[in-house]
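Each chain gets a letter, A, B and so on, in the order its sequence line appears, and its residues count up from 1. All values below come from the heavy atoms of this structure, side chains included, with hydrogens, waters and symmetry mates left out.
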Amino acid sequence: SQQGEEDPQALSIQEGENATMNCSYKTSINNLQWYRQNSGRGLVHLILIRSNEREKHSGRLRVTLDTSKKSSSLLITASRAADTASYFCARPNYGGSQGNLIFGKGTKLSVKP
Amino acid sequence: NAGVTQTPKFQVLKTGQSMTLQCAQDMNHEYMSWYRQDPGMGLRLIHYSVGAGITDQGEVPNGYNVSRSTTEDFPLRLLSAAPSQTSVYFCASHKTSLSYNEQFFGPGTRLTVL
């Protein structure tokens with residue numbers, strides 16, 4: 001499989017705590033994206049980080065990318081119950097699927113009020 | 001803008017039946033894709049299209065057929081449903097072939113094949 005791997009598979013925290021999810025991949029990339037999926041819904045794009053960026057912020061989200069280790073992390077600070085969802089990293093598919101992405105298996109985050 | 005819409009939301013089929021999952025987008029995106037999502041497997045690409053009249057296979061195309069007669073619509077056909085096709089199906093669209101673009105997903109169709 002070409003899929004990346006998220007770690008952990010599941011994460012349960014209390015509201016207000018920070019949540020960190022990791023993503024590893026095997027091939028060189030020029031960007032990596034993170035998506036959120038609420039239960040029973042489609043995926044929603046959160047953030048994209050390019051290979052020449054080490055860190056990127058969007059509101060309470062912080063994404064890092066370490067191209068030498070082929071890994072990325074997504075940090076959600078001061079989590080809320082509404083952050084409960086599955087989070088997926090996605091990397092470009094250079095095998096010919098024109099702009100399509102290869103998704104990891106996801107981290108299921110549960111934020112308890 | 002409605003974005004990406006999918007119908008139906010839920011469907012139950014018997015083995016051997018055929019059906020079409022509908023997908024439409026109103027963002028004038030050239031690129032559209034179908035994924036299936038199975039527990040513990042993430043999303044896997046079934047078929048994709050780079051414009052009207054042009055389609056190609058993804059990672060798991062067997063048992064599925066697609067066509068793209070307009071920019072807006074990209075239906076997915078199950079020719080003879082099998083229990084292994086029980087899954088949640090997502091349609092997505094994006095603007096260009098560049099890997100930097102964001103994909104927009106529909107709400108999904110949950111399919112059960114008995």
Side-chain angles (χ1 to χ4, degrees), chain A residues 1-10 21 23-25 27-53 56 58 61 63 65 85-108, chain B residues 2-7 9-10 21 23-25 27 29-51 54-61 66 68 74 88-110:
Chain A
S1 169
Q2 302 180 65
Q3 291 177 320
E5 297 291 336
E6 279 97 337
D7 169 52
Q9 289 187 354
M21 288 156 270
C23 169
S24 62
Y25 54 92
T27 61
S28 294
I29 57 174
N30 60 8
N31 74 87
L32 188 125
Q33 301 183 36
W34 284 88
Y35 286 78
R36 182 188 73 231
Q37 183 182 32
N38 290 93
S39 181
R41 310 289 288 270
L43 278 71
V44 174
H45 181 263
L46 291 177
I47 196 166
L48 179 150
I49 186 165
R50 298 183 183 227
S51 58
N52 60 355
E53 299 173 309
K56 196 165 182 179
S58 176
L61 305 180
V63 169
L65 181 64
S86 291
Y87 292 82
F88 296 86
C89 66
R91 65 169 181 83
N93 182 351
Y94 297 119
S97 296
Q98 305 218 25
N100 278 306
L101 300 172
I102 297 174
F103 288 85
K105 296 178 182 179
T107 292
K108 192 167 187 176
Chain B
V4 180
T5 58
Q6 291 183 239
T7 56
K9 291 196 100 167
F10 302 93
L21 280 62
C23 173
Q25 52 92 10
M27 296 174 283
H29 287 169
E30 289 297 320
Y31 296 82
M32 296 184 74
S33 308
W34 277 101
Y35 295 87
R36 60 177 288 173
Q37 184 177 35
D38 301 296
M41 296 292 293
L43 277 79
R44 292 182 291 170
L45 183 65
I46 304 171
H47 283 286
Y48 66 99
S49 170
V50 301
I54 307 169
T55 64
D56 206 346
Q57 297 181 350
E59 183 185 355
V60 288
V66 292
R68 183 107 177 264
F74 190 41
V88 183
Y89 291 85
F90 290 99
C91 180
S93 73
H94 59 279
K95 198 170 181 182
T96 74
S97 64
L98 295 176
S99 66
Y100 294 100
N101 43 174
E102 163 186 357
Q103 293 210 2
F104 294 83
F105 283 82
T109 294
R110 186 174 293 272

Any donor-acceptor N/O pair, B:Q6 side chain to B:C91 backbone, under 3.5 Å: yes
Do any N or O atoms from the side chain of B:S49 and from the backbone of B:I54 form a donor-acceptor pair under 3.5 angstrom? yes
Given heavy-atom pairs under 4.5 angstrom as the criterion, report whether the side chain, backbone, both or neither of B:F104 touches chain A. neither
Part of B:Q37 within contact of chain A (heavy atom distance under 4.5 Å): side chain
Any side-chain donor near an acceptor of the partner, A:Q37 and A:Y35, under 3.5 Å: no
Measure distances from A:Q9 to the heavy atoms of chain B and classify the residue's part below 4.5 Å as side chain, backbone, both or neither. neither
Assign the ring pair B:F105 / B:Y35 to parallel, tilted or perpendicular, where the plane angle (0 to 90°) is split at 30° and 60°. tilted
